[in-house]
Amino acid sequence: MRWLARVPDFRNQGVWLRLLLAANGLLLIVALAGNRSLTRLPGEVAELAATVEPVLLLLLAVLYLLEPWLQRQPPGRALLVVLLLTLLTASGMEVLLARLLGGVVGWRAPLATTLAAALLLGWLNLRARAQAPALAEARLAALTARIRPHFFFNSLNAVLGVMRDDPRRAELALEELGELFRALMRDNRELVLLSEEIALARKYLDIEKLRLGDRLQVHWEVDDCPPEMLALPLLLQPLLENAVYHGIEPAM
């Protein structure tokens, strides 16, 4: 299943826009393929849109709700769930229209809708793979911009300095360094808990204190900070880093 990418983020507005535009583009192609008179084309497009748009919007709403669960599933299973939901949604709409209009329930429209969904997911898959190298480079550039290059080397030197005398403290510092870099590398488009940001800031200062010793004195006053409040990711760490870089290090 390595050739399969994860299903797209159905809570991303850009994904919604691309799917809506692509679906309506396919709808227009279908209308043009079956059209025999250009004067009837707007009406045929409107008729197809009245059938397709409710299915698409309902499906996107369901996928929006299921997004966290889908991202935890293996790619193959997530893709299968999306296609199955597409088939069920299109079939349900077909049954509803047949009952309202007195027609016969057909199977071609649901199957065609599911096939179109598979094509769109394949297109998004290829698009994501094409953008993967640029995305990785952008994340590396963002990582470089978020943290000063010498911090990593200074931290490792500080760990080496205490490794023989206090191996437990050195191990803890490496764990804190790993947590910090994990936070820097994650996708930071969503808000995080303020308590998590404070914990990350404490880890950063613990690492710096290993290097700066008693020169770095910190007094925390966070009793009035609501821990469940949402904040921008990496809100505190750059401020603390600038304070250390411009306030403590020049006095060394």
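Partners of Gln217 under the side chain to side chain donor-acceptor pair (under 3.5 Å) rule, at least two apart in sequence or in another chain, do not exist in this structure. Partners of Leu83 by side-chain contact (heavy atoms from CB on, under 4.5 Å), not counting sequence neighbours, listed by chain and number: Leu79, Thr114, Ala117, Ala118, Leu121. Listed by chain and residue number, Asn24 satisfy the side chain to side chain donor-acceptor pair (under 3.5 Å) test with Glu53 (two or more places apart in sequence, or in another chain). Under the rule for a side-chain contact (heavy atoms from CB on, under 4.5 Å), Pro167 has no partner lying at least two apart in sequence or in another chain. For the side-chain contact (heavy atoms from CB on, under 4.5 Å) test, no residue two or more places apart in sequence or in another chain qualifies with Ala243. In terms of the side-chain contact (heavy atoms from CB on, under 4.5 Å) criterion, residue partners of Leu66 (sequence neighbours excluded) are, by chain and number, Val62, Leu70, Leu85.
If you chain together hydrophobic residues whose side chains sit under 4.5 Å apart, Leu174 and Leu160 fall into the same group. Both Val15 and Leu65 belong to a single network of hydrophobic side chains, linked directly or stepwise wherever heavy atoms of I, L, V, M, F, W or Y lie under 4.5 Å apart. Hydrophobic clustering of Ile, Leu, Val, Met, Phe, Trp and Tyr side chains at less than 4.5 Å, counting indirect connections, unites Val218 with Val244. Val159 and Leu172 fall into different hydrophobic clusters, defined by Ile, Leu, Val, Met, Phe, Trp and Tyr side-chain heavy atoms under 4.5 Å apart, directly or through other members. Both Tyr64 and Leu19 are part of a single hydrophobic cluster, where members link through side-chain heavy atoms under 4.5 Å apart.
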Are Leu58 and Leu56 close enough, and set up right, to give a side chain to side chain contact (heavy atoms under 4.5 Å, CB included), and what steps lead you there? CA-CA 6 Å; Leu58 177 60; Leu56 180 58; over 6 Å; no
Could you walk me through whether Arg202 and Val222 pass the side chain to side chain contact (heavy atoms under 4.5 Å, CB included) test, one step at a time? CA-CA 12 Å; Arg202 289 180 184 273; Val222 295; 3.9 Å; yes
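Nearest heavy atoms, Arg11 versus Pro68: NH2-CD, 3.6 Å. Between Pro8 and Gln71 the shortest heavy-atom distance is O-NE2, 3.5 Å.
Under a 4.5 Å side-chain heavy-atom criterion applied to ILVMFWY residues, the cluster that includes Leu88 comprises Leu84 as well. Cluster partners of Leu17, by chain and number: Leu21. The rule joins Ile, Leu, Val, Met, Phe, Trp and Tyr whenever side-chain heavy atoms lie under 4.5 Å apart. Clustering of Ile, Leu, Val, Met, Phe, Trp and Tyr by side-chain heavy atoms under 4.5 Å joins Leu80 with none of the others.
Annotation: the span from Thr89 atom OG1 to Leu60 atom CG amounts to 10.0 Å, rounded to 0.5 Å. Distance CZ/Arg215 to CD/Glu208: 12.0 Å, rounded to 0.5 Å. Put simply, CD1 on Ile198 and NZ on Lys203 are 12.0 Å apart, with the number rounded to the nearest 0.5 Å.
Contact annotation: the side chain of Leu205 approaches that of Trp220 to within less than 4.5 Å [non-hydrogen atoms, C-beta and beyond]. A heavy-atom distance below 4.5 Å is found between the side chains of Leu57 and Leu20. The shortest distance between side-chain heavy atoms of Asp206 and Leu210 does not fall below 4.5 Å.
A donor-acceptor pair is defined here as one N or O able to donate and one able to accept, closer than 3.5 Å; such a pair exists between the side chain of Glu67 and the backbone of Phe10.
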For residues 225-236, which side-chain N or O atoms pair as donor and acceptor with protein atoms under 3.5 Å away, sequence neighbours left out?
none

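Sorted by first and then second residue, the side-chain hydrogen bond (donor to acceptor under 3.5 Å, both in side chains) pairs involving residues 165-180 (not counting sequence neighbours) are Glu179-Arg182.
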